Amino acid sequence: MEIKIAPSLLAADFSELSTAIAAIERDADMLHLDVMDGHFVPNISFGMPVIASIRAVSDLTFDCHIMTTNPTAYLEELAAAGADIITIHLEAVPDPTEAITEAEKLGVDFGVVISPHTPFAAMEPWVESCSMVLIMSVHPGFGGQAFIPEVLSKVEEARKWVDFHGLMTDVQIDGGITTETAGRAAAAGANVLVAGSAVFRRDDPAQAIRSLRAAARNEA
Ligand code: DX5
Ligand code: ZN
């Protein structure tokens, strides 16, 4: 299984975004962008204007994790800003049929996300329509939290579902990923690992990505 690393820009120095992105551009597989509205989650990060600005300095796949109320309303603007993949929470939109249709129309890849308390069953009806599914391994809203190991059983369920149905869907995990937890996530079946602190809070972010990938590959 090919392991992809998606550094989360949330942990970068926001006064030097282009420098932060340049440091990971060659080693990252995608750039994870956490959009938060202070309503769906108790934190506010950044939105379309920032995504549009950084689009000009990066060719990476922009993986946009939308933590807002009514995310479907923003799909068009996110796509226009440069999103390549948009993932939305099933806690915000239990039936994403409209969002799936809209994403298809806009030509962006689509995914669904579940928070730690939501069972994998909530995701089952939508996996086939998703290019990626995301299992949160922390409560959404903040970087730098501790990994919640209980979610690994949901990663296993997602991997089994994808493989059993012969799908190409990526299984992504987000939150508390370090060189210690990356191996456990990959062993459970995750092939896309988001890492904020473990990349951008390191002296050498490119080397940090390579270390995470190596740790995950050993267990995949
Ligand atoms: C949390 C975000 C994560 C966060 C991960 O709501 O979805 O993407 O940036 O940060 P770390 O890797 O530091 O846990
Ligand atoms: Zn995220």
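On a predicted model such as this, the values are computed, not experimentally measured, just so you know. Read the numbers this way: they start at 1 and go in the same order the structure lists the ligands and their atoms.
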Enquirer: Could you check atom 13 (O) of ligand 1 against the protein and tell me its nearest heavy-atom contact, residue, atom and distance included?
Expert: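 The closest one turns out to be S197 OG, 2.4 Å.
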
Enquirer: Would you check whether H139 has a nitrogen or oxygen atom less than 3.5 angstrom from a nitrogen or oxygen atom of ligand 1?
Expert: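 There is no such contact.
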
Enquirer: Any idea which atoms of ligand 1 are less than 4.0 Å away from a heavy-atom of L10?
Expert: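 Selected atoms, number and element: 9 (O).
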
Enquirer: Please check if atom CD in E124 has more than 12 non-hydrogen atoms from other residues, nucleotides or ligands closer than 6.0 Å.
Expert: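 More than 12 heavy atoms, drawn from other residues, nucleotides or ligands, come within 6.0 Å of this atom.
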
Enquirer: Applying a heavy-atom cut-off of 4.0 Å, say which part of S8 lies close to ligand 1: side chain, backbone, both or neither.
Expert: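 Side chain only.
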
Enquirer: For ligand 1, which atoms have a heavy atom of A195 less than 4.0 angstrom away?
Expert: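 Those atoms are 12 (O).
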
Enquirer: State, yes or no, whether a side-chain contact exists between L78 and I66 at a heavy-atom distance under 4.5 Å.
Expert: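 Side-chain contact under 4.5 Å: yes.
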
Enquirer: Nearest protein heavy atom to atom 10 (O) of ligand 1, by residue and atom, and its distance?
Expert: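 Result for atom 10 (O) of ligand 1: G143 CA, 3.5 Å.
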
Enquirer: Can you tell me if G144 contacts ligand 1 (heavy atom of the residue under 4.0 Å from the ligand)?
Expert: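 Yes, that is the case, since the closest heavy atom of the residue is under 4.0 Å from the ligand.
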
Enquirer: Could you tell me which atoms of ligand 1, counted from 1 in the order shown, lie closer than 4.0 angstrom to a heavy atom of H32?
Expert: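 Listed by number with element: 8 (O).
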
Enquirer: Kindly indicate whether the side chain of P116, heavy atoms from C-beta on, has any atom under 4.5 Å from the side chain of E150.
Expert: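 Sidechains of E150 and P116: no contact.
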
Enquirer: Can you find a pair of side-chain heavy atoms, one from D13 and one from F200, that are under 4.5 Å apart?
Expert: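 No - every pair of side-chain heavy atoms lies 4.5 Å or more apart.
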
Enquirer: Provide the atom name of the closest N, O or S atom of D174 relative to the Zn ion (ligand 2).
Expert: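 Of all N, O or S atoms belonging to D174, OD2 is the one nearest the Zn ion (ligand 2).
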
Enquirer: Can you name the nearest heavy-atom pair linking D34 to M67, along with the distance?
Expert: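 Minimum heavy-atom separation between D34 and M67: OD1-CE, 3.2 Å.
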
Enquirer: Could you check atom 2 (C) of ligand 1 against the protein and tell me its nearest heavy-atom contact, residue, atom and distance included?
Expert: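 Going atom by atom, the protein heavy atom closest to atom 2 (C) of ligand 1 ends up being D34 OD1, 3.4 Å.
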
Enquirer: Out of all atoms in ligand 1, which are within 4.0 Å of some heavy atom of G175? Include the element for each.
Expert: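 The list of qualifying atoms is 14 (O).
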
Enquirer: The Zn ion (ligand 2) is nearest to which N, O or S atom of D34?
Expert: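 Distance check against the Zn ion (ligand 2) picks out OD1 in D34.
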
Enquirer: If you count the atoms of ligand 1 from 1 in the order shown, which ones are under 4.0 Å from a heavy atom of M36?
Expert: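 Near M36, meaning under 4.0 Å from one of its heavy atoms, ligand 1 has 6 (O).
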
Enquirer: Is Q145 close to ligand 1, meaning an N/O of one under 3.5 Å from an N/O of the other?
Expert: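 The answer is no, given that Q145 and ligand 1 share no N or O pair closer than 3.5 Å.
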
Enquirer: Which residue and non-hydrogen atom of the protein lie closest to atom 1 (C) of ligand 1, and at what distance in Å?
Expert: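 Heavy-atom neighbour on the protein nearest atom 1 (C) of ligand 1: F142 O, 3.5 Å.
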
Enquirer: Given the rule in the salt bridge (charged side-chain N to carboxylate O under 4.0 Å, His left out) test, do E157 and K154 qualify, once you have shown the distances and angles that lead to the verdict?
Expert: CA-CA 5 Å; E157 285 180 90; K154 292 194 287 181; over 6 Å; no

Enquirer: Going by the atom numbers of ligand 1, which of them fall below 4.0 Å from some non-hydrogen atom of H65?
Expert: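 By the 4.0 Å cutoff, the relevant atoms are 7 (O).
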
Enquirer: Work out whether the distance between some heavy atom of M67 and some atom of ligand 1 is less than 4.0 Å.
Expert: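 Heavy atoms of M67 do come under 4.0 Å of ligand 1.
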
Enquirer: Which atoms of ligand 1 are found less than 4.0 Å from any heavy atom of G141?
Expert: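 Close to G141: 1 (C), 6 (O).
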
Enquirer: Check K4, R213, R210 against D27 for a salt bridge (charged side-chain N to carboxylate O under 4.0 Å, His left out) and give me the one that passes.
Expert: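 Answer to the salt bridge (charged side-chain N to carboxylate O under 4.0 Å, His left out) test with D27 among K4, R213, R210: R210.
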
Enquirer: Heavy-atom distance under 4.5 Å between the side chains of H165 and V127, does that happen here?
Expert: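 No, side chains not in contact.
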
Enquirer: Can you say whether the rings of F120 and W161 are parallel (under 30°), tilted (30 to 60°) or perpendicular (over 60°)?
Expert: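 If you compare the ring of F120 with that of W161, the planes turn out perpendicular.
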
Enquirer: Tell me the closest heavy-atom pair linking H39 and D37, and the distance in Å.
Expert: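 Minimum heavy-atom separation between H39 and D37: N-OD1, 2.8 Å.
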
Enquirer: Which residue owns the protein heavy atom closest to atom 12 (O) of ligand 1, what's the atom, and how far is it?
Expert: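 The answer is G196 N, 2.7 Å.
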
Enquirer: Please report the shortest heavy-atom distance between A198 and A208, naming the atom on each side.
Expert: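 Nearest heavy atoms, A198 then A208: O-CB, 3.3 Å.
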
Enquirer: Under a 4.0 Å N-O cut-off, is there an ion pair linking E102 with K105?
Expert: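 Salt bridge flag = yes for K105 with E102.
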
Enquirer: Classify the angle between the aromatic ring planes of F46 and F14 as parallel (below 30°), tilted (30 to 60°) or perpendicular (above 60°).
Expert: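 Rings of F46 and F14: perpendicular, over 60°.
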
Enquirer: Just which atoms of ligand 1 are under 4.0 Å from any heavy atom in M136?
Expert: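 Once the distances to M136 are compared, the set is 7 (O).
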
Enquirer: What about G176: any of its N or O atoms under 3.5 Å from an N or O on ligand 1?
Expert: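 Among all N and O atoms of G176, at least one is under 3.5 Å from an N or O of ligand 1.
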
Enquirer: With distance as the sole test, does D29 use its side chain to make a donor-acceptor pair with the main-chain N or O of A6 at under 3.5 Å?
Expert: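 Looks like no, no N/O pair under 3.5 Å.
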
Enquirer: Looking only at N, O or S atoms, find the one in H65 nearest to the Zn ion (ligand 2) and name it.
Expert: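 Atom name returned: ND1.
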
Enquirer: For atom 3 (C) of ligand 1, what is the closest protein heavy atom, and at what distance to 0.1 Å?
Expert: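 The closest one turns out to be D174 OD1, 3.0 Å.
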
